[in-house]
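A short worksheet on the structure shown next.
The first residue in the sequence is number 1, and the count goes up from there. Treat the numbers as computed from the prediction; the structure is a model and nothing was measured.
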Amino acid sequence: MRILLCLFMFATTLKADEYQSAREILRQLGVEQIVFVKRFTYTASNYYAEHVNSDFLPGGNICVLDLASGRITELCPSLREGVFERFDLDFDAEKIVFSWKSSLDEGYRLYEVGLGGENLHPVLPPPNNEKRLVKLYSDRYRHGTDDLSPCYLPDGDICFTSSRCQYGITCDAPDTLTTTVLYRCAVDGANLRKLSNSAVSESSPVCMKDGRILYTRWEYVDKGSACIKALWAMHPDGTGTEEIFGNNVALPPTIQHGREIPSEAGQFVFTGGPHSPYTAMGPIGIVNTRCDIRTESRIKWITPYVQIREEVGWDFWDQDTHQWYTDRAGCGPLFKEAFPLTEDLFLVAHKPQGPPCNAPNGYGIYLLDASGTVRPVYTDAEISCWNPIPVKKRPRPPILPHVTDQELAGRGLAQMMVMNVYQGLDGVAPGEIKYLRILEQVPRPWSARRWDFDDEYGQQHAVITKATHLVLKVLHGIVPVEADGSANFYVPSEANIFLQALDKNYAAIQTERTYVHSMPGEVRTCMGCHEKKPDAYDISAARLVAAMQRDPSFPVPQPGDPFPQRVIDYVLDVQPIWDKHCMPCHGPEESQGGLRLDGEKTRLFNVSYEQLVPDRYEPENFPDHDLVGKTIGEHHPKTGNAEYLPPKTLGSYSSVLAAALSDGKIVLQEPGQQSRVEQWRLKHPDIALSTEERVRFTTWIDTNCQYYGSWFGRRNIKYEGRRDFRPSPEFSGKSW
């Protein structure tokens with residue numbers, strides 16, 4: 001085996017008596033055995049790519065360590081020539097479910113085995129079309145689909161993450177990385193159901209003591225693309241998704257492998273990791289979710305000598321020089337997969353200082369205490385050890401009831417209720433919000449792969465925007481907000497829905513920069529526009545708000561739209577406005593003020609779009625007229641743009657051009673910018689947009705200046721003349 005030629009042999013320096021202290025502590029806690037994974041360290045490009053581009057390094061097993069004798073038992077000797085991923089121990093400590101990969105060209109699959117090694121069997125076969133997926137996509141993905149990181153649910157079923165959703169990572173220009181979302185199935189593989197619909201990966205699910213699933217959700221909705229991998233929870237049927245911690249925390253970029261601390265209500269331990277390289281190793285932290293859940297300052301770092309200060313790599317404290325040093329190779333001490341035994345004792349996978357983060361045998365099983373001290377429990381000189389779990393029975397969590405409206409479910413709908421949209425909207429006067437705009441973030445399917453890299457821009461494999469957001473947005477219409485700030489309305493289920501609070505002129509005062517995923521027939525309630533725990537709302541008071549006194553609203557069209565649901569497409573929505581009102585003064589022959597607003601096609605966009613939307617990569621190549629106002633570049637920075645933004649910060653209320661074209665309906669808060677609006681109006685006294693034109697334009701700005709309204713079609717101008725070149729997009733989602 002070639003990997004053994006480069007092993008770091010530091011593990012052999014540990015003597016037998018050095019393990020004894022940790023093992024005695026564990027036995028005093030009633031732990032007699034530990035089950036863990038032996039696996040050569042992954043070499044993946046990113047924390048979410050372990051199943052895609054890590055070297056295939058077969059060997060290892062699911063192992064049980066007897067603490068009294070030190071004896072190791074391999075549970076699956078017949079599977080030694082594959083790779084073991086992660087596993088879970090059932091509540092009765094009798095069975096193990098795990099993910100295993102047989103070869104480079106096969107995906108990870110779920111298996112179950114008894115704790116004594118008996119009754120090894122597969123849980124879930126590959127999809128029926130796996131061979132076809134391999135044929136279509138194996139040049140990028142090497143195989144079809146992967147089933148990963150399983151955990152047992154209270155009713156005996158299994159939750160896991162999988163790439164069966166067939167979505168590509170949207171900030172991956174080569175399109176070699178796949179999204180994984182949450183699924184569940186029975187222990188015999190029956191009743192397979194998808195529980196979420198993220199555009200980028202979800203990972204490491206575990207069952208909480210209240211019966212919910214705790215997991216890591218990566219998202220970017222007008223936020224930095226590399227920084228928000230936060231802890232979330234959902235009911236085992238996919239309902240009730242709720243942020244647990246970190247949806248505005250930029251550093252560390254990755255919060256993964258979360259687990260409840262059993263004796264401390266509301267406290268969780270997790271691994272903090274960079275976005276890359278490799279597989280989410282870093283410091284171990286604890287958060288108290290009864291406090292502010294959206295600030296890094298609430299994290300208590302158990303291993304404060306390791307920090308994550310940027311997207312890539314680690315920082316370590318040098319005890320000799322008393323200085324911090326940056327090390328992208330990760331040669332300092334690293335941790336992963338903490339399992340809480342008490343409030344201040346944790347089993348962890350740990351690499352001591354010395355070898356790099358991807359050393360094939362660098363990690364062993366250690367006992368970590370709250371002071372940051374580590375004691376070895378077990379190491380293997382030839383291979384790394386991961387995912388330690390004590391062999392102990394656990395109380396079986398309650399089986400949560402499946403509470404949905406079956407009539408709604410049959411129509412593919414969910415219901416959302418907002419108690420008071422002004423909750424959290426500081427500085428917004430009561431009565432100012434008249435509507436909610438319903439938007440959806442649409443994942444990119446594998447079937448939207450490009451034919452070559454000529455359609456790529458800013459890490460977008462299928463370009464959607466010029467350096468703003470990376471994931472396609474579509475519109476589902478608007479719903480009314482009552483005088484008391486309440487709203488009650490339907491949304492499409494199984495979609496990533498986010499809202500905008502609009503004034504009477506349909507201009508966005510605030511944008512929700514995250515999404516809500518609802519299962520069919522689910523009924524959800526939120527307090528307001530920007531709720532934070534530990535805020536609380538008396539649900540019994542819900543019946544008193546105005547919107548609850550009537551039936552839920554179906555979304556309706558904005559002015560000028562024939563249907564509530566439509567694509568957001570610059571060429572269809574905005575370019576006709578310039579063609580009608582701005583030629584010939586801002587055309588190719590005469591471009592007053594250096595501004596062209598004609599629709600001549602460029603390599604990937606058109607002239608007017610490239611003039612209006614700043615080029616964040618090479619700003620000197622295009623004049624930045626600063627007319628569209630503040631937009632969010634999800635790559636600028638990748639580990640930023642995560643902080644809460646006050647009302648009227650983004651979109652129309654930051655835009656000189658939107659205000660100038662609003663006929664006084666939009667007034668900018670910054671006096672200097674409003675002065676520019678008035679000067680612009682003096683120079684353009686005859687331009688007057690219709691209500692329909694103005695709403696189309698402000699909607700485009702409010703949604704962060706999207707260019708393309710679909711994932712499909714060739715973009716590059718060299719394909720002009722082909723039938724599939726920049727086709728006019730149509731809405732293809734669920735219809736009202």
Side-chain angles (χ1 to χ4, degrees), residues 26 29-31 34-36 86-93 97 149-155 158-161 182 184 195 202-217 229-236 239-247 249 252 254-273 280 282-294 298-303 335-349 367-370 387-400 533-534:
L26 289 167
L29 294 174
V31 178
I34 292 172
V35 60
F36 62 95
R86 287 173 58 80
F87 74 92
D88 190 31
L89 178 68
D90 80 327
F91 301 102
D92 295 326
V97 62
S149 300
C151 72
Y152 286 103
L153 298 175
D155 62 1
I158 293 166
C159 174
F160 60 100
T161 64
L182 293 181
R184 67 172 290 167
L195 301 180
E202 295 167 331
S203 56
S204 56
V206 295
C207 190
M208 298 167 61
K209 58 189 177 184
D210 65 4
R212 293 183 297 164
I213 300 166
L214 178 71
Y215 64 103
T216 291
R217 178 168 113 176
K229 296 101 173 181
L231 295 181
W232 284 73
M234 67 164 61
H235 289 205
T239 63
T241 52
E242 178 188 5
E243 176 192 356
I244 297 297
F245 179 79
N247 207 33
V249 174
T254 306
I255 297 174
Q256 199 175 16
H257 304 132
R259 287 187 182 271
E260 286 179 291
I261 296 177
S263 58
E264 296 291 323
Q267 296 204 39
F268 296 80
V269 64
F270 66 89
T271 307
I284 299 297
I286 292 176
V287 292
N288 183 347
T289 60
R290 292 171 295 182
C291 303
D292 189 348
I293 64 172
R294 292 178 179 165
R298 293 297 184 181
I299 300 175
K300 173 188 175 183
W301 294 109
I302 306 175
T303 57
F335 300 84
K336 185 173 180 175
E337 301 168 325
F339 189 100
L341 302 166
T342 68
E343 66 273 14
D344 53 13
L345 280 176
F346 309 87
L347 280 172
V348 293
L367 187 63
L368 170 69
D369 66 29
N387 196 185
I389 296 178
V391 178
K392 291 186 69 175
K393 290 185 178 182
R394 294 174 288 157
R396 185 176 295 271
I399 298 174
L400 299 177
K533 291 196 316 186

TODO: Tell me, please, which residues at least two apart from Thr161 pass side-chain hydrogen bond (donor to acceptor under 3.5 Å, both in side chains).
DONE: none
- [ ] Output yes when a side-chain donor or acceptor of Asp155 lies under 3.5 Å from a complementary backbone atom of Ile399, and no otherwise.
- [x] no
TODO: Tell me, with the steps shown, if Leu347 and Leu26 meet side-chain contact (heavy atoms from CB on, under 4.5 Å).
DONE: CA-CA 9 Å; Leu347 280 172; Leu26 289 167; 4.1 Å; yes
- [ ] For Ile213 and Met234, run side-chain contact (heavy atoms from CB on, under 4.5 Å): C-alpha distance rounded to whole Å, both residues' side-chain angles, the deciding distance at 0.1 Å, then the answer.
- [x] CA-CA 5 Å; Ile213 300 166; Met234 67 164 61; 4.1 Å; yes
TODO: Grab the two heavy atoms, one from Phe245 and one from Arg294, that are nearest each other, plus how far apart they are.
DONE: CE1-N, 4.5 Å
Open item on the list: If I compare all heavy atoms of Pro252 with all of Gly272, which pair ends up nearest, and what's the gap?
Closed with: CG-CA, 4.0 Å
Open item on the list: Quick check: do Phe346 and Pro340 have side-chain heavy atoms less than 4.5 Å from each other?
Closed with: yes
Open item on the list: I'd like to know if the side chain of Thr289 reaches the main chain of Gly266, judged simply by a donor and an acceptor atom lying under 3.5 Å from each other, with no hydrogens or angles considered.
Closed with: yes
Open item on the list: According to side-chain contact (heavy atoms from CB on, under 4.5 Å), who are the partners of Gln267, at least two apart in sequence or on a separate chain?
Closed with: Ile261, Glu264, Ile286, Asn288, Arg290
Open item on the list: Could you tell me if the side chain of Thr216 sits less than 4.5 Å from the side chain of Ile255, heavy atoms only?
Closed with: no
Open item on the list: Applying ring pair (Phe, Tyr, Trp, His ring centres under 6.0 Å), can you list everything that pairs with Phe36, at least two apart in sequence or on another chain?
Closed with: Tyr378
Open item on the list: In the structure I gave you, are the side-chain heavy atoms of Pro236 and Arg184 within less than 4.5 Å of one another anywhere?
Closed with: yes
TODO: State which residues pass side-chain contact (heavy atoms from CB on, under 4.5 Å) with Asp92; sequence neighbours excluded, sorted by chain then number.
DONE: Asp90, Glu94, Arg396
- [ ] Enter the distance from Lys229:NZ to Leu231:CG here, rounded to the nearest 0.5 Å.
- [x] 13.0 Å
Open item on the list: Taking salt bridge (Lys or Arg N to Asp or Glu O under 4.0 Å) as the definition, give me every residue that meets it alongside Arg86, ordered by chain and number, with sequence neighbours left out.
Closed with: Glu337
Task: Sub-4.5 Å side-chain heavy-atom contact between Pro398 and Pro154 - done: no
TODO: Could you list the residues that satisfy side-chain hydrogen bond (donor to acceptor under 3.5 Å, both in side chains) with Tyr215, not counting sequence neighbours?
DONE: none
- [ ] Decide yes or no for Phe268 and Ile244: does some side-chain heavy atom of the first lie under 4.5 Å from some side-chain heavy atom of the second?
- [x] yes
Open item on the list: Are more than 12 heavy atoms, taken from residues, nucleotides or ligands other than Lys300, located less than 6.0 Å from that residue's NZ atom?
Closed with: no
Open item on the list: Using a 3.5 Å distance criterion without hydrogens, assess whether the side chain of Arg217 forms a donor-acceptor pair with backbone atoms of Asn247.
Closed with: no
Open item on the list: Any heavy-atom pair between the side chains of His257 and Lys336 that's under 4.5 Å?
Closed with: yes
- [ ] Taking all heavy atoms of Pro397 and all of Asp210, pick out the closest pair and write down the distance.
- [x] CB-C, 4.4 Å
- [ ] Could you give me the CA-CA distance, side-chain angles and deciding distance for Asp88 and Val206, then say whether side-chain contact (heavy atoms from CB on, under 4.5 Å) is met?
- [x] CA-CA 8 Å; Asp88 190 31; Val206 295; 5.9 Å; no
Task: Closest contact, heavy atoms only, Phe160 versus Ile158 - done: CD2-O, 4.1 Å
Task: Residue pair Thr239 / Leu400, side-chain heavy-atom distance below 4.5 Å - done: no
Task: Gap separating the CD atom of Glu242 from the CG atom of Leu214, nearest 0.5 angstrom - done: 11.0 Å
Open item on the list: So which atom in Gln256 and which in Ser203 form the shortest heavy-atom distance, rounded to 0.1 Å?
Closed with: NE2-OG, 3.0 Å
Task: Minimal non-hydrogen separation, Leu153 against Phe91, with atom names - done: O-CE1, 3.6 Å
Task: Rounded distance (nearest 0.5 Å) linking atom SG of Cys151 with atom CE of Met208 - done: 12.0 Å
Open item on the list: Do Cys207 and Cys159 have side chains that approach each other closer than 4.5 Å (heavy atoms only, starting at C-beta)?
Closed with: no
TODO: Output the distance between atom CZ (Phe87) and atom OH (Tyr152), rounded to the nearest 0.5 Å.
DONE: 10.5 Å
- [ ] Given side-chain contact (heavy atoms from CB on, under 4.5 Å), test Asp344 with Asp369 step by step and report yes or no.
- [x] CA-CA 5 Å; Asp344 53 13; Asp369 66 29; 5.8 Å; no
Task: Gap separating the CG atom of Asn387 from the CG atom of Leu89, nearest 0.5 angstrom - done: 10.5 Å
